[in-house]
Amino acid sequence: PVQRKYDLAVTVAAGRHMDAIVVDTQQTGYECIQYMRENRIGVAAFIPLQGIKTKEVNERLRSGVGNKSKLCLDVITCADEIRPAVMYAVENTVVCETLEDARELCFRRGEKVKAVTLDGSVISKAGTMTGGKAAQDRPGQGRWDHQITTQLKAQRDRLLAELAKIGSSSAGPQASGAVSELEGRLKLLRTKEQYANKDIKVTKEKISGLEKQASELKKQEAHVLGEKQRTQPLVDDRRAAIAQVRGRIFKAEEGVFASFSESIGVANVREFEEGQLKVLQEANEERKKLREQKAKLAAQLEYEQTKNFAGPLAKIEKRLEATRLKQGAGEAKAKELGATEKRLQKDLRQAEAERDEARNGCEEAEIEVKALQGQRAECSSERVKLSKKVTAEETAIEQLRAKLHAVLQKAKVEEVALPLVGGLTSLHSEAGSQAGSQAGGFEASQADTEADSEPSTRASTHFSQGDSRAVRRDAADAEKVDFSELTRHRDAAGKQVESLKKGYEERITVLRGEIEAMQPNMKAVDRFEDVSSRHKHSAEDFDQAREDASEATRAFNEVRQKRHAAFMGCFGHISAELQAIYRDLTKSSKHPLGGNAYLSLDDTEEPYLGGIKYNAMPPMKRFRDMDQLSGGEKTVAALAFLFAIHSYRPAPFFVMDEVDAALDNVNVKKICNYFKQRSRDFQVVVISLKDIFYEQADSLVGICRDVKSDSSRTLTLDLEQFD
């Protein structure tokens, strides 16, 4: 930790990974485990750097949790190569200064993170709280002590120096003996360490037991002191009385034994008794010690007489010979291993050379890949430009096709004579072949106009479609027009436009005079008016249909918006009520926060067309699908969902058929209490076989068989009169 105050917090945050050993690969971890099994060293956990999957750091927690809270990863300093292992151990745990800061983060702000305080309290992601120092955390806190770290570093340097000294010395029996001696000492120290750890554990357990006994004794002592204070006056009175009685006894004894005391030269008979008794006790103690010493010497003599030294000496000599043979074999094996080491070092150098060549090849390949990626980016940008250009050209073609369709349609309606190629007389040769007169030609033009009036309106928005009938007909008509005889006036401007306009007006005047001089077909005017009227009505019907379609679209969008608003209003109400109801049904004295339940939509744009997912997490349970919950948990979740729907559209009563079949007594009592709380909102008719429901009900209805009438009989009992 970056500061000493984070020692306990980091220890608690790491948890079971605190004593884990970091290795490079899983294979290395397996080899370490095998070695520990063979040597019976103990148990340890390993974290392989290549086999773990670390979660990404939530940067929002790093910048938005306030000054009193920090990510646990930010208060730990470690080498870069083992940082993934540290991230795997602590994840996104947040370290808070006090428990109130942790509550603010997890409960009031609703962050789903694990929070650890400086005094070791923990708030998990599920909302459960653990306070105080655990027994396994107390020794873990001391591991960060700087003094111990310094001593371990000094011991490491000393051992490295000894190892270097041993390696620099000449290979031989002395070096092998030193290595063997050090290995033996190392194994002995490890064994002592294990025994010492076990003794420490046992001693701590004894200390905890003695502390409990001491607390009990203190309670007893306080009780005894109270009794003593209460009885002290009586004891003092009794002592005074006893002293008076003893005084009278001593005076009586002195009077009786006065002549005897003067004859032996003592002050009184008590002095004589005390001296004589002390001499007797000392004599008894000396006699007892002499008996014990005699028994020990006799047992030792018997053991020495039966002891045989020849067998153990032979065994020691055999073991010495076997050790010398092993030493010789070990020296031979050491030479063989030295040769193998040289060969492996040579192979290693060759492999490193091949690796360098492969690395150079990879760098060249990466350069080529980057160049190709640059070319690909250029081609992609060029393709985008061409796509935009093609789109613009297609738009221009559509505009030109629309303009061509309008010109040809206008020419047909106004009977404008366009110059045609190949000596054709009409754009529609089929109509011209069927009618030779002017009236017949007009009828053909009229029929063609009527046939084109409706498709032109429908196809006016998709001239780019090659399979459109109007587009194909316009293309065929355009091929018949001789554009070389048409005069182009698109580039005219200024006075040239005025002269062209004046010329056309003069020509129109001449043509009108010729028309007045001609004998016109009177029926053509009537038919033209009829066609114009029908065209006008068709245009009005089209405009009306378009307005109706727009109105229908607007009404549809309005209905869809109302439908979405109504659905989301119901969904939001039920989702909020579901969380509160499920929490009420699952909370208890051990789990005051209860469980968590929520709804989620499959389609957020049009939610009424998709499904709804319902997930429930009971207290102290991790997230699971609904089908993986137990029967009782599913029942509680279903009841919560039913009551949430009822809160949106209340019903007068419920009928429930053995909903408590999969529930235990605790959950049945919770359901009964909830029914009691909501009895003002709705009535519940429950079919049940549980006594708890009978106790909490307002009235009972029983169905039984009537033997006399051979039919069912109903029994009722009003329990409110017994309240």
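R554 and E558 are joined by a salt bridge, as a carboxylate oxygen and a charged side-chain nitrogen come within less than 4.0 angstrom of each other. Salt bridge status for E658 with K690: absent, with no side-chain N to carboxylate O gap under 4.0 Å. A salt bridge between E363 and R359 is absent, with no side-chain N of the basic residue lying under 4.0 Å from a carboxylate O of the acidic one. Taking a cutoff of 4.0 Å between a charged side-chain nitrogen and a carboxylate oxygen, E606 and R563 do not qualify as a salt bridge.
Here the closest non-hydrogen pair linking P607 and H564 is CD-CD2, 3.5 Å. Taking every heavy atom of both residues into account, V86 and L73 meet most closely at CG1-CD1, 3.9 Å.
Side-chain rings of Y30 and F46 stay apart, their centers remaining 6.0 Å or farther from each other.
To the nearest 0.5 Å, atom CD of residue Q3 and atom OG1 of residue T77 are 11.0 Å apart.
In this structure, the side chain of K669 does not engage the main chain of I692 through any donor-acceptor pair within 3.5 Å. Side chain of T28 to backbone of D24: no donor-acceptor contact under 3.5 angstrom is found.
Using a 4.5 Å cut-off on side-chain heavy atoms (C-beta onward), F654 and V686 make no contact.
The side-chain contact (heavy atoms from CB on, under 4.5 Å) test with K114 is passed by exactly one of V90, T93, N92: T93.
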Before giving the answer on ring-ring contact (aromatic ring centres under 6.0 Å, His included), spell out for F641 and Y614 the whole-Å C-alpha distance, their side-chain angles and the decisive distance to 0.1 Å.
CA-CA 9 Å; F641 186 58; Y614 179 24; 5.3 Å; yes

